[in-house]
Protein chains: 2
Amino acid sequence: MSGEAPREMRIGELARAGNVTPRTIRHYEQLGLLRPSERAASGYRYYTEHELARLKKIGRLKELGLSLEEISTVIDLYFEDPTGIRGKRKVIGILESHLREVRRRRSDLEQFERELEENIAKVRRFLAEAEHGQD
Amino acid sequence: MSGEAPREMRIGELARAGNVTPRTIRHYEQLGLLRPSERAASGYRYYTEHELARLKKIGRLKELGLSLEEISTVIDLYFEDPTGIRGKRKVIGILESHLREVRRRRSDLEQFERELEENIAKVRRFLAEAEHGQD
DNA sequence: ATTTACTTTGACGTAAACGTCAATGTTTTG
DNA sequence: CAAAACATTGACGTTTACGTCAAAGTAAAT
């Protein structure tokens with residue numbers, strides 16, 4: 001009725017699945033970013049799909065340009081269910097500042113995108129002219 | 001008829017305008033990324049608007065996740081006037097891959113923005129409920 | 001019961017991108 | 001022209017995000 005035997009894996013397998021190295025996973029653990037679901041008597045770390053999802057989320061947040069430390073301040077907002085009452089306003093404050101930052105970066109990227117399009121068009125024109133003349 | 005006296009500035013002013021430090025500018029110079037337009041007999045570096053534009057471009061390429069070394073291999077594509085004929089297609093190829101990257105990152109940011117908005121709304125709802133109940 | 005493959009905890013190493021003196025020279029300003 | 005503000009070249013320091021041993025224990029496969 002209850003436990004679906006949640007498919008455990010060790011650090012190597014998690015690393016392959018998450019496209020990182022075991023060292024990276026241990027590093028994340030040191031920063032408090034990703035803890036194993038269980039620790040065997042031997043000392044071996046065991047993980048489940050849940051930790052894999054978290055690992056992947058960390059990767060995406062990294063691609064956004066967040067440092068691991070920044071990630072550690074927000075990652076739980078994605079995984080903890082928000083039933084605690086304490087500090088809700090602070091959480092909102094943090095999320096809102098992240099939102100502002102994301103919007104700023106997005107508009108920077110839009111600007112850059114336009115510049116790139118212009119540059120490409122410019123080079124294309126030169127290319128076309130050149131092909132008309134000699135080659 | 002010719003020289004419009006192109007408004008020179010020293011490293012400190014360029015740094016402020018580009019929102020970096022003088023150290024950063026010297027570092028970029030060491031990497032061959034950004035050279036002063038002139039070097040006075042005193043040793044002082046002098047820059048113009050052209051170098052400021054270049055400095056800003058470096059910043060944007062950095063935000064794209066390029067390393068300074070990668071930037072040094074492509075930055076000239078943005079500033080050399082494209083009258084040379086050789087390698088135009090390669091240039092277009094690089095610019096287009098940058099464009100693809102920019103678009104990918106932009107859509108990632110959009111996704112993240114939506115997630116943030118959702119999370120904020122969610123926490124807000126919990127906050128409102130809690131205030132209804134006790135507090 | 002051995003190999004063989006994995007994992008553990010240190011602990012030192014590294015690459016990138018600057019930060020931060022220090023000692024000294026330069027430019028500007030009152 | 002003296003003081004304040006700014007710049008120069010070293011050169012060592014720092015942070016981030018891991019890489020890379022080493023020594024030793026554990027698990028899996030034959």
Side-chain angles (χ1 to χ4, degrees), chain A residues 5 7-48 51-52 54-75 98 101 105 108, chain B residues 5-48 51-52 54-75 101:
Chain A
R7 166 105 183 81
E8 301 231 310
M9 53 188 151
R10 301 190 306 209
I11 199 166
E13 196 178 345
L14 178 69
R16 276 188 299 276
N19 210 32
V20 299
T21 69
R23 177 65 176 91
T24 297
I25 294 173
R26 293 195 195 99
H27 183 55
Y28 290 176
E29 187 175 342
Q30 280 192 11
L31 303 186
L33 262 168
L34 181 67
R35 291 163 32 218
S37 71
E38 197 209 324
R39 203 67 165 173
S42 63
Y44 277 31
R45 293 165 174 86
Y46 285 89
Y47 302 90
T48 70
E51 282 76 42
L52 177 56
R54 194 170 166 114
L55 179 57
K56 285 179 174 170
K57 183 62 118 181
I58 292 171
R60 273 190 302 261
L61 290 173
K62 272 191 50 180
E63 283 195 26
L64 281 178
L66 303 203
S67 70
L68 294 182
E69 197 181 319
E70 289 170 321
I71 291 173
S72 75
T73 74
V74 297
I75 181 92
H98 276 260
E101 174 66 9
R105 294 176 56 165
D108 281 0
Chain B
R7 166 106 183 80
E8 301 231 310
M9 52 189 152
R10 301 189 306 207
I11 198 166
E13 194 178 346
L14 179 68
R16 275 189 301 276
N19 210 31
V20 299
T21 69
R23 177 65 176 91
T24 297
I25 294 172
R26 292 194 196 100
H27 184 54
Y28 289 177
E29 186 176 343
Q30 279 192 13
L31 303 186
L33 263 168
L34 180 66
R35 290 163 30 219
S37 73
E38 195 210 325
R39 202 68 165 175
S42 65
Y44 276 31
R45 293 165 176 84
Y46 284 89
Y47 302 91
T48 71
E51 281 76 40
L52 176 55
R54 194 168 166 114
L55 178 57
K56 286 180 174 171
K57 183 66 91 178
I58 292 171
R60 274 191 299 266
L61 290 172
K62 273 190 51 180
E63 283 195 24
L64 274 183
L66 302 203
S67 71
L68 294 181
E69 198 181 321
E70 288 170 321
I71 292 173
S72 75
T73 73
V74 299
I75 183 87
E101 177 66 9

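Proteins come first, then strands; the chains are lettered A, B, ... in the order of their sequence lines, and each starts at number 1.
Listed here is the closest heavy atom pair of B:Ser72 and B:Leu31: CB-O, 4.4 Å. The minimum heavy-atom distance between B:Leu34 and B:Glu51, with the atom names listed, is CD1-O, 3.6 Å. Nearest heavy atoms, B:Ile25 versus B:Val20: CG1-CG2, 3.9 Å. Considering every non-hydrogen atom in both A:Tyr46 and A:Arg10, the closest pair reads CE2-CG, 3.2 Å. Summarising the geometry of B:Ala15 relative to B:Thr21, their closest heavy-atom pair is CB-C, 3.8 Å, with the distance given to 0.1 Å.
Nucleic acid contact for B:Arg26: base, since at least one base atom lies under 4.0 Å from a heavy atom of the residue. Among the heavy atoms of the strands lying under 4.0 Å from B:Arg10 are primed sugar atoms or P, OP1, OP2 only; no base atom is included.
Annotation: of the two residues near DNA chain D, B:Arg16 and B:Arg23, the 5′-most nearest-nucleotide partner is B:Arg16. The residue among B:Lys62 and A:Gly43 whose nearest nucleotide of DNA chain C lies closer to the 5′ end is A:Gly43.
Between the CD atom of A:Glu63 and the C1' atom of D:dA17 there is a distance of 15 Å, rounded to whole Å. In this structure, A:Glu13 atom CD and C:dA5 atom P are separated by 17 Å, rounded to whole Å. Rounded to a whole Å, the CD1 atom of B:Ile11 is 19 Å from the P atom of C:dG25. Residue B:Tyr44 contributes atom OH, which lies 16 Å from atom P of C:dT24 at whole-angstrom precision. In this structure, A:His27 places its NE2 atom 7 Å from C1' of D:dT16, rounding to the nearest Å. Here D:dA28 presents its C1' atom at 19 Å from CE of A:Met9, a figure rounded to the nearest Å. Going from atom CG of A:Leu55 over to atom P of D:dC18 covers 10 Å, rounded to whole Å. A:Glu29 places its CD atom 14 Å from the P atom of C:dT7, with the value rounded to the nearest Å.
Contact check, A:Arg45 against C:dT8: a side-chain N or O comes under 4.0 Å of OP1 or OP2. Proximity of B:Ser42 to the phosphate of D:dT8: no side-chain N or O atom is located under 4.0 Å from OP1 or OP2. Here B:Tyr28 reaches the OP1 or OP2 of C:dC18: one of its side-chain N or O atoms lies under 4.0 Å away. Neither OP1 nor OP2 of D:dA17 sits under 4.0 Å from any side-chain N or O of A:Thr24. Taking 4.0 angstrom as the limit, B:Arg39 places none of its side-chain polar atoms (N or O) nearer than this to OP1 or OP2 of D:dA7.
Taking every side-chain heavy atom of B:Leu68 into account, C:dC18 is the closest of C:dC18, C:dG19, D:dT8.
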